[in-house]
Amino acid sequence: MEDAGVDALRQHADPAAPQRITVLSGGVGGAKFARGLRHYVQRVGADRAGDTPAPATVTCVVNTGDDMWLNGLRVCPDLDSVMYGLAGVNDRERGWGRAGESERVSAELLAYGVGADWFTLGDLDLATHIARTQMLREGTGLVEATRVLASRWDLGATLLPATEHEVETRVQVGDHPGDTLHFEEWWVRHRAALPARRFLHDGAPSAVPAPGVLDAIAGADLLILAPSNPIVSIGAILAIPGIREALRAAGAPVIGVSPIIGGAHVLGMAAQCLRAVGAEVSAAGVAEHLGSAGEPEGLLDGWLMDTTDAGSVARVEAHGIRAAAVPLLMTTDALTADIVHAVHQLAARVVADR
Ligand code: GDP
Ligand code: CA
């Protein structure tokens with residue numbers, strides 16, 4: 001007798017499931033999405049066991065705009081959120097960092113009067129930054145350093161930093177163009193209370209995509225924009241010259257998932273970020289900000305919104321973007337896998353209509 005679990009998996013039979021999936025991702029929202037994507041791939045794999053031995057490969061191109069030097073260490077918040085999330089060692093209650101964390105080292109640093117009291121590095125998390133920094137100091141690139149860190153866990157996905165260059169997202173908070181803060185300082189220290197005038201991607205013009213990123217985009221048969229912050233996560237990845245062009249040139253459909261549900265972000269500060277760039281804080285507004293693949297500079301072939309926003313499907317489709325509405329709360333990996341299933345169905349519509 002087959003167990004009920006396999007039966008449940010079978011209901012998601014998906015004969016034309018994609019084989020190479022590449023997703024652009026920020027930190028916490030991206031990590032939740034990546035877990036659901038892995039669940040989806042395993043579900044499809046279980047369903048097709050026997051005839052298709054190779055499961056789909058998942059590559060996450062992760063934002064590096066929030067990376068910073070702190071206490072002499074290279075900290076990569078979004079890469080670490082995705083790594084910890086996929087490894088299952090993330091702190092779900094806080095929403096960031098490692099579970100079961102302690103802060104003895106940070107407390108000692110503050111006793112010496114060094115370190116940033118607004119950005120506490122946990123002891124377990126510090127080991128990640130020390131290991132990464134050691135590799136970078138020895139001349140290892142961030143792609144290889146990330147591979148070595150990730151190889152400790154069974155992630156079921158490849159993590160690629162968007163770039164190995166130090167491109168920093170900064171926030172202009174005053175009238176003067178020079179009144180800027182590092183994004184993490186604006187967000188974590190000031191809780192985004194200082195009104196953002198604009199976001200800058202410092203160093204972007206001379207940066208190039210990290211090795212492997214353009215191939216992961218060109219070689220994919222499904223490209224997904226995770227429900228990550230459209231400005232400082234997805235936008236910071238797109239600021240690296242060559243990435244937007246690669247997405248537009250790719251043969252695979254580009255499908256985005258809305259981080260905005262019913263006019264508000266689920267968590268974080270996407271609303272403040274959207275307002276700062278003059279975009280409407282709505283699912284349709286984010287789609288219009290990212291643009292239709294049929295428009296100059298636009299990206300989207302498909303856009304997935306929450307059922308709350310079903311009324312906006314026609315507005316988005318008027319731009320030539322295929323749209324659908326399904327529940328978009330990533331409460332469990334299984335529910336998030338259902339979102340990925342809907343992404344795949346939307347992609348199939350895009351391909352069928354070509
Ligand atoms: P960060 O780098 O840690 O800020 O994380 P991301 O940029 O990857 O993700 C932040 C975005 O994820 C926010 O704009 C949230 O609205 C969105 N988000 C978080 N949880 C959910 C969810 O359950 N569903 C959807 N659709 N979006 C979510
Ligand atoms: Ca981030």
Side-chain angles (χ1 to χ4, degrees), residues 23-37 60-68 75-86 90-92 94-97 119 159 161-162 167-171 182-188 191-192 199 201 224-239 255-277 279 281-287 289-290 303-310 312 324-340 342-343:
V23 57
L24 268 52
S25 154
V28 174
K32 281 199 268 179
F33 188 76
R35 285 181 59 99
L37 182 50
C60 301
V61 174
V62 182
N63 172 41
T64 48
D66 303 348
D67 296 5
M68 58 189 165
V75 179
C76 302
D78 289 3
L79 278 168
D80 292 343
S81 289
V82 179
M83 180 171 78
Y84 296 155
L86 283 170
N90 57 311
D91 188 323
R92 289 195 203 164
R94 274 192 313 185
W96 52 274
F119 202 94
L159 306 191
V167 180
E168 198 170 278
T169 303
R170 298 192 67 84
V171 189
H182 187 288
F183 171 73
E184 290 287 343
E185 189 172 3
W186 174 73
W187 182 328
V188 179
R191 305 305 305 158
F199 293 91
H201 305 288
I224 310 177
L225 307 183
S228 289
N229 187 309
I231 311 301
V232 297
S233 292
I234 303 298
I237 298 174
L238 297 173
I255 311 291
V257 181
S258 180
I260 300 292
I261 297 180
H265 50 235
V266 181
L267 53 85
M269 286 146 198
Q272 291 91 322
C273 296
L274 284 163
R275 268 184 226 115
V277 303
V281 184
S282 70
V286 178
H289 174 75
L290 293 167
W303 184 244
L304 204 57
M305 292 176 281
D306 188 75
T307 39
T308 314
D309 301 305
S312 298
V326 300
L328 284 191
L329 273 184
M330 301 187 285
T331 330
T332 65
D333 292 345
L335 287 172
T336 310
D338 291 342
I339 297 173
V340 179
V343 166

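Whatever order the structure lists ligands and atoms in, that order sets their numbers, starting from 1.
Remark: ligand 1 atoms within the under-4.0 Å shell around heavy atoms of N229 are 6 (P), 7 (O), 9 (O), 10 (C), 11 (C). Below 4.0 Å from some heavy atom of G30 lie the following atoms of ligand 1, by number and element: 8 (O). Numbered from 1 in the order shown, with element, the atoms of ligand 1 that lie under 4.0 Å from a heavy atom of L328 read 22 (C), 23 (O), 24 (N), 25 (C), 26 (N). For ligand 1, the atoms sitting less than 4.0 Å from at least one non-hydrogen atom of G29 are 5 (O), 6 (P), 8 (O), 9 (O), 12 (O), numbered in the order shown with element in parentheses. Of all atoms in ligand 1, listed by their number and element, those nearer than 4.0 Å to a heavy atom of S233 are 2 (O), 6 (P), 7 (O). Interface atoms of ligand 1 facing D78, defined by a heavy-atom separation under 4.0 Å, are 2 (O). Less than 4.0 angstrom separates some heavy atom of K32 from each of these atoms of ligand 1: 19 (C), 20 (N), 21 (C), 23 (O).
Nearest protein heavy-atom neighbour of atom 13 (C) of ligand 1: L267 O, 3.1 Å. With hydrogens left out, the protein atom closest to atom 5 (O) of ligand 1 is V28 N, 3.0 Å, a heavy atom. In terms of protein heavy atoms, atom 2 (O) of ligand 1 is closest to G27 N, 2.8 Å.
For atom 11 (C) of ligand 1, the choice among P227, A270, G268 with the nearest heavy atom turns out to be P227. Across the listed options M305, E184, M330, H265, M330 owns the non-hydrogen atom lying nearest to atom 22 (C) of ligand 1. When the heavy atoms of V286, I234, I261, V266 are ranked by distance to atom 16 (O) of ligand 1, first place goes to V266.
Note on ring orientation: taking the six-membered ring where Trp is involved, the planes of F183 and W186 are tilted (angle from 30° to 60°).
Contact annotation: the side chain of V281 approaches that of I260 to within less than 4.5 Å [non-hydrogen atoms, C-beta and beyond]. For the pair V257 and L328, the minimum side-chain heavy-atom distance is below 4.5 Å. When side chains are defined from C-beta on, R170 does not count as touching F199, because their heavy atoms never get closer than 4.5 Å. Side-chain contact between L329 and I261 is present, with heavy atoms from C-beta onward closer than 4.5 Å. In this structure, the side chains of P77 and D67 come closer than 4.5 Å at one or more pairs of heavy atoms.
Considering backbone and side-chain N/O of S228, one or more are found under 3.5 Å from N/O of ligand 1. The distance criterion of under 3.5 Å between nitrogen or oxygen atoms is not met by S25 with respect to ligand 1. Below 3.5 Å of separation, one finds no N or O of L329 facing any N or O of ligand 1. Between V257 and ligand 1, a contact under 3.5 Å exists for no N or O pair. Considering backbone and side-chain N/O of I260, none are found under 3.5 Å from N/O of ligand 1.
Between the CD1 atom of I339 and the NZ atom of K32 there is a distance of 9.5 Å, given to the nearest 0.5 Å. Atom-to-atom distance recorded for D66:CG and W187:CH2 is 7.5 Å, nearest 0.5 angstrom. Taken from CD1 in I231 to CE in M269, the straight-line distance is 15.0 Å, to the nearest 0.5 Å. From W303, atom CH2 reaches atom OG of S258 across 4.5 Å, with rounding to the nearest 0.5 Å. Taking CG of L225 as the reference point, atom OG of S25 lies at 10.5 Å (rounded to 0.5 Å). For the atom pair OG (S228) and CD1 (I234), the distance works out to 4.5 Å, reported to the nearest 0.5 Å.
Considering only residues two or more places apart in sequence or on other chains, V188 meets the side chain to side chain contact (heavy atoms under 4.5 Å, CB included) condition with W118, F119, E184.
Ligand 1 lies within reach of W187, whose nearest heavy atom is under 4.0 Å from it. For S258, the closest heavy-atom approach to ligand 1 falls below 4.0 Å.
Between N63 and the choices T169, N229, D78, the side chain to side chain donor-acceptor pair (under 3.5 Å) rule is met once, by D78.
Only protein N, O or S atoms were considered, and those under 3.0 Å from the Ca ion (ligand 2) are D66 OD2, D78 OD1, D78 OD2.
In this structure, D91 contributes its side chain and R94 its backbone to a donor-acceptor pair below 3.5 Å.
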